[in-house]
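Notes for the one structure printed next.
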There are 2 protein chains.
Amino acid sequence: MVDSFEECVVATKRAQMMEETRGKIIRAARKAFAAKGYAAASMDDLTAEAGLTRGALYHNFGSKQGLLQAVVDQIDQEMVERMLAAQDQAASRWGGLLEEGVAYIEMALEPEVQRIMLLDGPAVLGDPSQWPNQNACLLRTTQTLQALIDEGTVKPVDAEAAARLINGAALNAALWIAAADDPRAVLPKAVEAFRQLATGLLKAKG
Amino acid sequence: MVDSFEECVVATKRAQMMEETRGKIIRAARKAFAAKGYAAASMDDLTAEAGLTRGALYHNFGSKQGLLQAVVDQIDQEMVERMLAAQDQAASRWGGLLEEGVAYIEMALEPEVQRIMLLDGPAVLGDPSQWPNQNACLLRTTQTLQALIDEGTVKPVDAEAAARLINGAALNAALWIAAADDPRAVLPKAVEAFRQLATGLLKAKG
DNA sequence: AAATTGACATACGTTTTGTATGTTAAAGTT
DNA sequence: AACTTTAACATACAAAACGTATGTCAATTT
């Protein structure tokens with residue numbers, strides 16, 4: 001039981017230490033997973049680079065898969081934040097939806113997102129739309145779309161279905177860009193096609 | 001050198017035997033990969049179920065990854081054939097494009113396609129759009145789209161970009177359906193949203 | 001101050017991949 | 001037709017990596 005301020009301060013010391021080691025391992029894992037891929041990344045090398053051993057890893061994350069889950073959660077959170085920022089920056093609600101998709105496409109230029117989120121993550125952890133944060137992101141898109149349907153801007157389709165299709169189009173565009181010889185060159189083409197495709201959901205021609 | 005009919009017949013015997021064993025291994029691999037996933041599938045168990053040993057595997061495919069490539073190629077070819085059949089069945093060129101996408105979505109209801117083609121394949125072999133058959137499929141879609149652009153049916157966007165977005169939308173719809181509690185229930189919703197979304201590429205409202 | 005908890009390291013066993021070597025049947029050669 | 005050679009596949013071996021079981025020491029509790 002904690003019954004004084006000093007004891008409380010001391011009591012948090014171990015938790016802070018643990019968070020520190022968790023952070024170090026996750027940081028090393030992000031680098032290793034992005035560089036070598038999940039399967040080829042050795043837990044021994046991973047923890048060694050963080051100045052630790054596999055003992056710390058299994059104590060904190062339970063398994064290799066548990067570590068990947070933690071890494072995915074962290075990156076996913078960063079992605080959601082960036083997408084929300086992009087959405088808020090747009091003038092209209094419809095524009096927000098588009099900017100969100102464009103932001104998603106742009107993020108896939110980063111190897112970490114590419115390898116961990118788009119390739120290894122789904123294979124090891126299963127369908128991305130089942131991940132907690134991805135669900136939150138998709139839910140927001142779905143709600144935005146539903147609002148657009150209610151206000152009459154968008155055709156009366158199933159909001160979730162449309163959200164997933166939009167997401168998928170953006171995702172594939174992202175994969176294409178990341179695998180392209182000159183990613184910067186194909187990015188504008190993908191963004192333009194994305195904007196055009198999305199208008200299919202609009203009620204009236206823009 | 002082969003200089004008689006009989007020698008020729010005999011000469012093909014070994015090749016036939018080899019094709020037979022290749023087929024047996026690939027068949028077992030399709031089952032195992034679909035059921036357990038690529039990483040968890042043991043090559044020992046795999047070949048044992050085919051009545052062989054790992055020796056045959058490494059002789060014929062070189063590596064575990066080589067076997068997956070062979071499996072992916074086979075399934076990919078089957079998928080392309082089904083997509084072409086769907087396309088040919090449509091009345092208009094635009095309708096063919098849509099039916100192609102719908103066929104793609106429907107195929108993802110099968111666990112083999114889901115697990116091997118959509119989850120493990122990309123993680124192990126890299127971006128699917130780089131696979132030989134996927135390229136052929138995507139190329140056809142791109143060409144169809146280009147023709148639609150030339151005839152004035154579709155907006156003048158980058159044909160390849162549009163093809164990849166369409167493909168991606170269909171792919172994500174497929175993943176959604178496969179992971180859904182009741183796949184048969186969400187299938188029509190996904191198909192309808194896909195048709196609506198695709199109209200964004202059309203010049204005039206349908 | 002003794003005891004206990006827990007964060008992390010060390011050591012071990014199991015599994016799996018890939019390779020190196022062996023074996024046998026088929027094909028070519030003389 | 002017998003010998004040699006090739007090659008498809010099996011067997012045996014080595015290395016790597018994951019997960020677990022155990023050990024250790026600092027930090028907290030009593």
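Worth knowing before you read on, the calculation uses all heavy atoms, side chains too, and leaves out hydrogens, waters and symmetry mates. Just so it is clear: chains get the letters A, B, ... in the order the sequence lines come, proteins before strands, and each one is counted from 1. Since the structure is predicted, the reported quantities are computational estimates derived from the model, not experimental observations.
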Please give, in whole Å, the distance from [N] [atom2] to [X] [atom1]?
X: A/Asp45; N: D/dA16; atom1: CG; atom2: P; result: 11 Å
X: B/Tyr38; N: C/dT16; atom1: OH; atom2: P; result: 14 Å
X: B/Glu20; N: D/dC9; atom1: CD; atom2: C1'; result: 15 Å
X: B/Leu57; N: D/dA8; atom1: CG; atom2: P; result: 14 Å
X: A/Lys36; N: D/dA17; atom1: NZ; atom2: P; result: 8 Å
X: B/Leu52; N: D/dA7; atom1: CG; atom2: P; result: 20 Å
X: A/Asp44; N: C/dA11; atom1: CG; atom2: P; result: 13 Å
X: B/Arg54; N: C/dG18; atom1: CZ; atom2: P; result: 9 Å

(message) Using OP1 and OP2 only, check whether a side-chain N or O of A/His59 sits under 4.0 Å from C/dC8.
(response)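 No.
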
(message) If the cut-off is 4.0 Å, is B/Asn60 near the phosphate of D/dA8, judged by side-chain N/O to OP1 or OP2?
(response)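 Negative; the distance criterion is not met.
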
From the options [options], select the nucleotide whose nearest atom is closest to the side chain of [X].
X: B/Tyr58; options: D/dA10, C/dC8, C/dT19; value: C/dT19
X: B/Ser42; options: D/dC18, C/dT17, D/dA8; value: C/dT17
X: B/Met43; options: C/dT17, C/dC8, D/dA7; value: C/dT17
X: B/Ala56; options: C/dA9, D/dA10, C/dT17; value: D/dA10

(request) Identify which one of B/Thr142, B/Leu148, B/Asp150 satisfies the side-chain contact (heavy atoms from CB on, under 4.5 Å) criterion when paired with B/Gln146. (result)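 Testing B/Gln146 for a side-chain contact (heavy atoms from CB on, under 4.5 Å) against B/Thr142, B/Leu148, B/Asp150 leaves exactly one candidate, B/Asp150.
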
(request) Output every pair passing ring pair (Phe, Tyr, Trp, His ring centres under 6.0 Å) with a member in residues 81-120 of chain A, not counting sequence neighbours, ordered by first then second residue. (result)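 Qualifying pairs, neighbours excluded: none.
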
(message) Test: ring pair (Phe, Tyr, Trp, His ring centres under 6.0 Å). Region: residues 27-57 of chain B. Which pairs qualify, not counting sequence neighbours?
(response)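 Every ring pair (Phe, Tyr, Trp, His ring centres under 6.0 Å) pair that includes a residue of residues 27-57 of chain B, provided the two are not neighbours, is B/Phe33-B/Tyr38.
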
(message) On DNA chain D, does the nearest nucleotide to A/Ala40 precede the nearest nucleotide to A/Gly62 from the 5' side, or the other way round? Give the residue.
(response)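 First, find each residue's nearest nucleotide; the 5'-ward one identifies A/Ala40.
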
(request) Output yes when A/Arg82 and A/Glu78 qualify as a salt bridge under the 4.0 Å nitrogen-oxygen rule, no when they do not. (result)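 A/Glu78 and A/Arg82: not salt-bridged.
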
(message) Whether B/Glu49 and B/Lys24 form a salt bridge (side-chain N of Lys/Arg under 4.0 Å from carboxylate O of Asp/Glu) is what I want to check.
(response)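 Looking at B/Lys24 and B/Glu49, the cut-off is not met.
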
(message) What contact category does A/Ala48 fall into here, base, sugar-phosphate, or nothing, at under 4.0 angstrom with non-hydrogen atoms?
(response)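 Nothing, no nucleic acid heavy atom in range.
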
(message) Applying a 4.0 Å non-hydrogen cut-off, can you work out what B/Ala41 is touching in the nucleic acid: base, sugar-phosphate, or nothing?
(response)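 If one applies the 4.0 Å heavy-atom cut-off, B/Ala41 turns out to touch the sugar-phosphate alone, with no base involved.
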
